[in-house]
Every structure is written in C-alpha cells, then in structure tokens.
Amino acid sequence: ANPMQAGAVEVLAFDLLIAPGRLPGSQDNLAYVTADNPDPDAADNLAAYSYQVDTEATLAIATVGLPDPVIAGEVLLYQLTVTNTGPSVAYDLVVSDTLPVATTFAGASSGCAEAAGVVTCQLGDLGLNVPRSAFIAVRVAGDVPAGTTLLNRACAVGTADTLDNTPVCADDETLVQQPAFTATDL
C-alpha cells in the first residue's frame, strides 16, 4: 500500500463484464474508500456512477423441409432452428413462418399458432449457443404439378437487441413430385 499525500488524486479504472443474462436498463455502481488514519471529511469517501446496459443478441435461423422431395397430397414437415451467438440472451424469441402456396396448415409445436397462412411460435428466452427448434406440418395439395418448388420463409426476432430488432430470415425450397401411381392408373 502506497501512502497517498493529502490533496492527491488517484484514478482507478475498472472493466466490467456484464453477464449475458443481464436485463437492459440503468445500473448503479458504488465505490467507497477508507484509510488507516482518521479522515476529517468522510462525506467524500463514497462515489456513485450510473450507466446504461444495452443487450444485443445475434440470431441465426435455418429451415428444412422433410421429406425433400415431397409427394403431392402428403404431409411436409418443416424444422425451424434458431441459434443465438450472443453476446446477450435473446429475450421473448418469436419465430414466424409464412406457409408456401398450395399447402394447408396441419399442425405445429407447442407455443405455435396459425392465422391466415402464417405460423407464429413463441419460443421464450434463448441463451447462447443453445439451438431451439419448432416444427410445422403442412399438407401439400394433391394437384400440385410435379417439378413445382415450394418456397418456405421463416424469420426470428427477439427483444434482447435494444439497438435494432431486425428479424433474421431463412428460406427453404422443397421439390414436389406426383405419386408414382394414382387411383386412375389402376
């Protein structure tokens, strides 16, 4: 411990590491100093500093349709997988999926609901590097011509990024085939 002369100023700098799960908002930091000898003015031994914590989540989404190719009239299952590479937790993660034309909604994972051809899934909070998936099933219309490509678009957004809540999106293309034999072939 180096003695400090009366009237001298010592500046200490600290780097703070904010935990990934910290919520955004104002934070306070208090510093208090003491000495071995009596201080005639203890009122100036405490300092407070307020700072703003912003959060930012880097999301990626992938969508895969199975089977590919799919037979017209059959069920096509989409797996939507979201990953967060941080640096913060992604809060209130929402995935939306616009269903392809010539399909009808057949079901989805818990937390998902369909309205007017768009499935919305509430996936909650997403930590760092822990992928989370939702599944959506559609039935392909039986009259879709062979060789048609179904385009599926899924997007994810979370409220962790207080600077820019731009959704990230991914597309999947699935080829449609007609069944090898139909009832009229018999």
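These numbers come from the heavy atoms of this one structure, side chains and all, not from hydrogens, waters or symmetry mates.
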Show which side-chain atoms of residues 66-78 pair as donor or acceptor with protein atoms under 3.5 Å away, not counting sequence neighbours.
residue	atom	partner	partner atom	Å
Asp68	OD1	Leu175	N	3.2

Going from [atom1] on [X] to [atom2] on [Y], what distance comes out if it is rounded to the nearest 0.5 angstrom?
| X | Y | atom1 | atom2 | answer |
| --- | --- | --- | --- | --- |
| Cys169 | Arg153 | SG | CZ | 4.5 Å |
| Gln122 | Ser96 | CD | OG | 10.0 Å |
| Asn84 | Leu93 | CG | CG | 8.5 Å |
| Ser110 | Leu123 | OG | CG | 10.0 Å |
| Leu59 | Leu126 | CG | CG | 7.0 Å |

Between [X] and [Y], what is the shortest heavy-atom contact and its length?
| X | Y | answer |
| --- | --- | --- |
| Gly86 | Leu128 | CA-CG, 4.0 Å |
| Thr63 | Ala154 | CB-CB, 4.4 Å |
| Gly65 | Asp172 | N-OD2, 3.2 Å |

Evaluate the side-chain proximity of [Y] to [X]: yes if any heavy-atom separation is below 4.5 Å, no if none is.
| X | Y | value |
| --- | --- | --- |
| Val95 | Thr120 | no |
| Tyr32 | Leu30 | no |
| Leu150 | Val176 | yes |

*Could you name each residue pair satisfying disulfide bond (SG atoms under 2.5 Å apart) that touches residues 24-134, not counting sequence neighbours?*
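Non-adjacent pairs meeting disulfide bond (SG atoms under 2.5 Å apart): Cys112-Cys121.
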Indicate every side-chain donor-acceptor pair of residues 40-53 with a distance under 3.5 Å to a residue at least two apart or in another chain.
residue	atom	partner	partner atom	Å
Asp41	OD1	Ala43	N	3.3
Asn45	ND2	Asp39	OD2	3.0
Ser50	OG	Asp28	OD1	2.4

*With sequence neighbours excluded, what pairs up with Asp36 under the salt bridge (Lys or Arg N to Asp or Glu O under 4.0 Å) test?*
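Result, salt bridge (Lys or Arg N to Asp or Glu O under 4.0 Å) vs Asp36: none returned.
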_Between Ser88 (side chain only) and Glu56 (backbone N and O only), is there a donor and an acceptor less than 3.5 Å apart?_
yes
*Write out all pairs satisfying side chain to side chain donor-acceptor pair (under 3.5 Å) with one or both partners inside residues 127-145, taking only residues at least two apart or from two chains.*
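Checked against side chain to side chain donor-acceptor pair (under 3.5 Å) - neighbours excluded - the pairs reaching residues 127-145 are Gln79-Ser133, Thr81-Ser133.
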*Taking a hydrophobic cluster as the set of Ile, Leu, Val, Met, Phe, Trp and Tyr residues connected by side-chain heavy atoms closer than 4.5 Å, whether directly or through intermediates, do Val119 and Val168 fall within one such cluster?*
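Linked, Val119 and Val168 end up in one cluster.
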In residues 97-106, what donor-acceptor pairs under 3.5 Å come from side-chain atoms, sequence neighbours left out?
residue	atom	partner	partner atom	Å
Asp97	OD2	Asn152	ND2	2.9
Thr103	OG1	Pro100	O	2.6

